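Right, one structure below, let's go through it.
Numbers restart at 1 for each chain; the letters A, B, ... are given by sequence-line order, proteins then strands. Model, not experiment: these values are computed from the prediction. Heavy atoms only: backbone and side chains are in, while hydrogens, waters and symmetry mates are out.
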Amino acid sequence: MEDVGSPTTRRRVLSGAATGIAGSLAGCTERLWSRAESPGPEQVSLTIKAVPADDDIVAAKIASRLRENFETAGIDATFEPIAKAELYRDVLLEGDYDVFVARHDGIDEYDALRGLLHSRYATEAGWQNPFQFSDVTADDLLEAQLTTTGGDRDGVLSELFEHLTETVPYTVVAFPSRIGAVGATLSETVSGPPYRPIDYLEILSEPSDEGPWDRPLEVGVFGEALTSRLNPIVVDSNQIPALLALLYDPLVYRTDDGAIPWLAEDVEWGDGSLLEARVTLRDDQRWHDGESLDAEDVAFTHRFLRDTSLGDTESGVPAPQYRGQQSLVESVEAVDSRTAEFSFRTANRETAPRAFQIPVLPAHVWEPRSTVVGERQTEALVHDNEEPVGSGLFELEAVTDDAEVELVPFTDHVLYDAEDGPSIVEEFPQFDGITFAIAPNSGAVVDLLEEEEIDLTGTPLPADETGRVSELSGRSVLTTQTEAFYMVGYNSHHEQLGNPHFRRLLSRLLDREHAAAELFDGFAEPARSLGSLFGVHESELADEETELTTFPGSDGEVDADQARSLFEAENYRYEDGALLE
Amino acid sequence: MTLAQVVLELALVVTTMLVTATLVFVGPRRLVDAVRGYRWRLEACLLPIAALGVVLALRWSTRDVVLRLERRVIGHNITHTLFALEQRLLGETPVVLLQSIQTEALTEFFVFIYIYGYAFLLLFPIVAYFALDEMEELSTLLLAFTANYGIGLLCYILFIAYGPRNFDPLLFEPLLYDAFPQSRTLTNQVNQNTNVFPSLHTSLSMTVFFLAWLTRDRYPLWVPLSGFLAVSVAISTMYLGIHWFLDVVAGTVLALVSVYIGVNYTVDGIVSTGRRYLAKRLDRVGRPGSE
């Protein structure tokens, strides 16, 4: 029989060992428990969303630079490239982001800041307060600028900019020059890259020695999914610049040389503490489908943009586009078929005409689309509008998916061949419409220019294409300064980003001078002054410099120690180089 | 260049390569035999051809649905994960290292490989295996291609991933589109820029190479050539800034899986197994409680 040892001894040994292990583990488990129960502060982490380089190389570069600088400052930063339509969806509709980098079309008047920042719009879709920013002082100032005029309003606006440097819901990086290219046929007549509908109207109305041409103007554009949605009131889509604005006319066009009455023949302003206007439409105007356009369409457009469900939901489903302008208007009444009466919420003659730049929609097409199809969603907002019926000087002829969009002149337009129309379209049309040729990327657009397939470019070109264009004989590079800007926006609902001090610090982590020189290749003006930091280019009201643009580093790169001392001065703590929550 | 011109040029160059390679590797004699016996040969691999056709048609016809599923419903963006993982594992992403040695000649070589070399690599074995006396190899190849496309499609639905050039234009250069912007017209027709994980360029090329190795007694010289081309294609995808190293790794794994499927299964077998399984199931449903 083998000696297996006494059972009691074995048991004792085992239990002894168990106690020993348990004892030695006790300290360790306590530590584990306490860590599991109250995990100490973690590293601040932020995800930056922007379109990939294919869609906009500058945005991708800014996002990438920002990611590196955030990381140097101790933040766990991630860059998530995301297609344009999806970015708009996440940022403008869902509020599903921490930080975004995007190109904004620009602020045409100070009042545009109201749509961008007023807390009333925090729950609305579109460029209406996409930052979920809510600040009582800012709200008051934004309301006050509506009802004041002249010097009083200037005072209010200066105060607003001062206040924004404290609260920093977003900041501007730089104002890019819009870059385009033109072929030999038009190099004499075109001086800047077209981007507004009025630019195209000018090109098509400019007589040349060889014209008029019996072919359409060929415009090269690039981008993903440009033809999938032709709906003028949605934001979550990628669109050919100016295309929809060429199809849908406004009451009045705004140009650098003043206003041009368009669907409107005349605007009479009334007196009173808040403005009123009587708009008379041109006689006998038609929609592209032959229906007549009248004042009821104008009134409908405003009703519809305010609530696309037309009263079917309690709180309304506002359109994500044109809400800023539309909300200037208290009400619009169609007095007769050619007259509409506007009552404004503003006392300001500079601001009120913004409401006339909204494209007018045909009631007979859009009224049936007011059906509610989901949570805060109406048919109008999900409809692709494949066959847009507008009233513009162009109508849509054909769309070849991701290849071509053809516009032809709308000969029933009241300004087509008109005797007494605006001088800008006296010689319209010198071309038989416009064809937008869609290329996969900017390089392919320049190829089209080289092969004389297109007359000029419509999408802004990245700076590195300018070298190639200038090497081609007969083609030239076009640049113009627009109001557009690149911005970095913060989601105030994010745990850390809700703190204005944190947003102030983040805003300093980008070297704007360096960005303009290197990321934009010099084709941009950095945001330096107070006004420009919030999107108003060359504002006289807020032209002083601000501390927000002093960069803690050099040559675009953040200095870790400098950044750290900035954050520590605001009572943030670091551990192993990581910024803690 | 328009799309038609790009395609025409591609067709011309690749056809020239195919004809040359066929004369060298297959020989005129075997080729004539193969053309004479085309009927039974086609019949013998009708099923795998149909399977490949179905998967390709599915890919083509469900583009919009897949895009919406991928981006809006599943929305699993792994781009940054790929980048961060490579940096953590290797210190630096291999794409940066590869691009740091770039020269004009190297760029031209890799652009050629990425577009023409790749097309040739995929098409030549179809011709070569078609000229054999049995259609077993060709069936295996076609089924492996089908598996590649099928599994690839599934991955593309599950993951949104942009390539290096799209992720960080400061770190990575978009060499392909700088050298040959119209190539995007071509690749756009077959793929979206969010479909980079795994690299189908790599997986299909490696599939051809692995099968070349398995059939080395038939075409011994094809092994080194396909190996050189396949590795070049894999490197070119990274050098040109289109794919991450991890895409290439995943592509190689996908190639192994696809070859395994191609060698061990037949379309006929899969179909009849499926049929038997269904019949059993239906049977069970038809007679409840009969077990």
Side-chain angles (χ1 to χ4, degrees), chain A residues 47-68 71 76-83 85-87 89-90 93-94 96 222 224-225 228 236 401-403 437-448 450-451 453 462 464-465 468 515 518-519 556, chain B residues 1-6 63-64 67-85 87-88 159-196 241-242 244:
Chain A
T47 300
I48 305 162
K49 287 188 178 178
V51 293
D54 271 353
D55 284 353
D56 184 343
I57 192 154
V58 171
K61 280 181 178 174
I62 295 173
S64 136
R65 174 55 70 194
L66 210 54
R67 177 182 62 80
E68 272 177 40
E71 275 180 351
D76 175 21
T78 319
F79 169 41
E80 189 174 319
I82 174 167
E86 306 308 313
L87 176 77
R89 200 180 155 79
D90 280 6
L93 301 187
E94 315 270 334
D96 176 19
F222 67 92
E224 191 193 41
S228 56
D236 52 334
D401 264 346
D402 292 323
I438 301 171
N441 53 13
S442 58
V445 168
V446 179
D447 277 357
L448 290 177
E450 184 177 358
E451 283 143 25
E453 303 266 341
D464 55 358
E465 299 289 354
R468 242 188 90 203
E518 298 298 323
L519 309 185
Chain B
M1 265 193 290
T2 59
L3 179 63
Q5 283 168 300
V6 176
R63 266 167 59 133
D64 290 348
L67 208 66
R68 271 181 101 154
L69 256 182
E70 175 195 6
R71 295 194 181 170
R72 300 216 160 152
V73 181
I74 298 174
H76 195 55
N77 196 318
I78 60 164
T79 317
H80 192 272
T81 316
L82 293 173
F83 169 71
L85 200 61
Q87 277 199 326
R88 194 161 300 169
F159 308 113
I160 298 172
Y162 284 96
R165 72 188 170 84
N166 255 322
F167 175 71
D168 192 335
L170 293 176
L171 270 181
F172 310 105
E173 289 180 60
L175 286 176
L176 176 63
Y177 301 120
D178 280 353
F180 189 12
Q182 277 295 345
S183 63
R184 174 81 189 281
T185 321
L186 203 62
T187 47
N188 242 24
Q189 298 300 311
V190 281
N191 222 332
Q192 297 293 334
N193 57 7
T194 44
N195 293 349
V196 304
I242 294 158
W244 302 97

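Using a 4.5 Å heavy-atom threshold, the side chains of L519(A) and L170(B) count as touching. Side-chain contact between E86(A) and R72(B) is present, with heavy atoms from C-beta onward closer than 4.5 Å.
Of all heavy-atom pairs spanning F79(A) and F167(B), the tightest one is CE2-O, 2.8 Å.
Listed by chain and number, the residues in a ring pair (Phe, Tyr, Trp, His ring centres under 6.0 Å) with F222(A) amount to none (sequence neighbours excluded). Looking at residues two or more places apart in sequence or on another chain, you find a salt bridge (charged side-chain N to carboxylate O under 4.0 Å, His left out) between D236(A) and R89(A), R229(A).
Contact count against chain B (heavy-atom pairs under 4.5 Å) is highest for P52(A) among P52(A), S64(A), A60(A).
Both the backbone and the side chain of A83(A) have a heavy atom closer than 4.5 Å to some heavy atom of chain B. Residue Y162(B) touches chain A through its side chain alone, counting heavy-atom pairs closer than 4.5 Å. With a 4.5 angstrom heavy-atom cutoff, A77(A) touches chain B only via backbone atoms.
When the options K61(A), R67(A), R65(A) are evaluated for a salt bridge (charged side-chain N to carboxylate O under 4.0 Å, His left out) with D168(B), the one that passes is R67(A). Shown are D54(A), V51(A), I57(A); of these, the side chain to side chain contact (heavy atoms under 4.5 Å, CB included) with N166(B) is made only by D54(A).
Under the 3.5 Å distance criterion, the side-chain polar atoms of N77(B) are matched with a main-chain donor or acceptor of P81(A).
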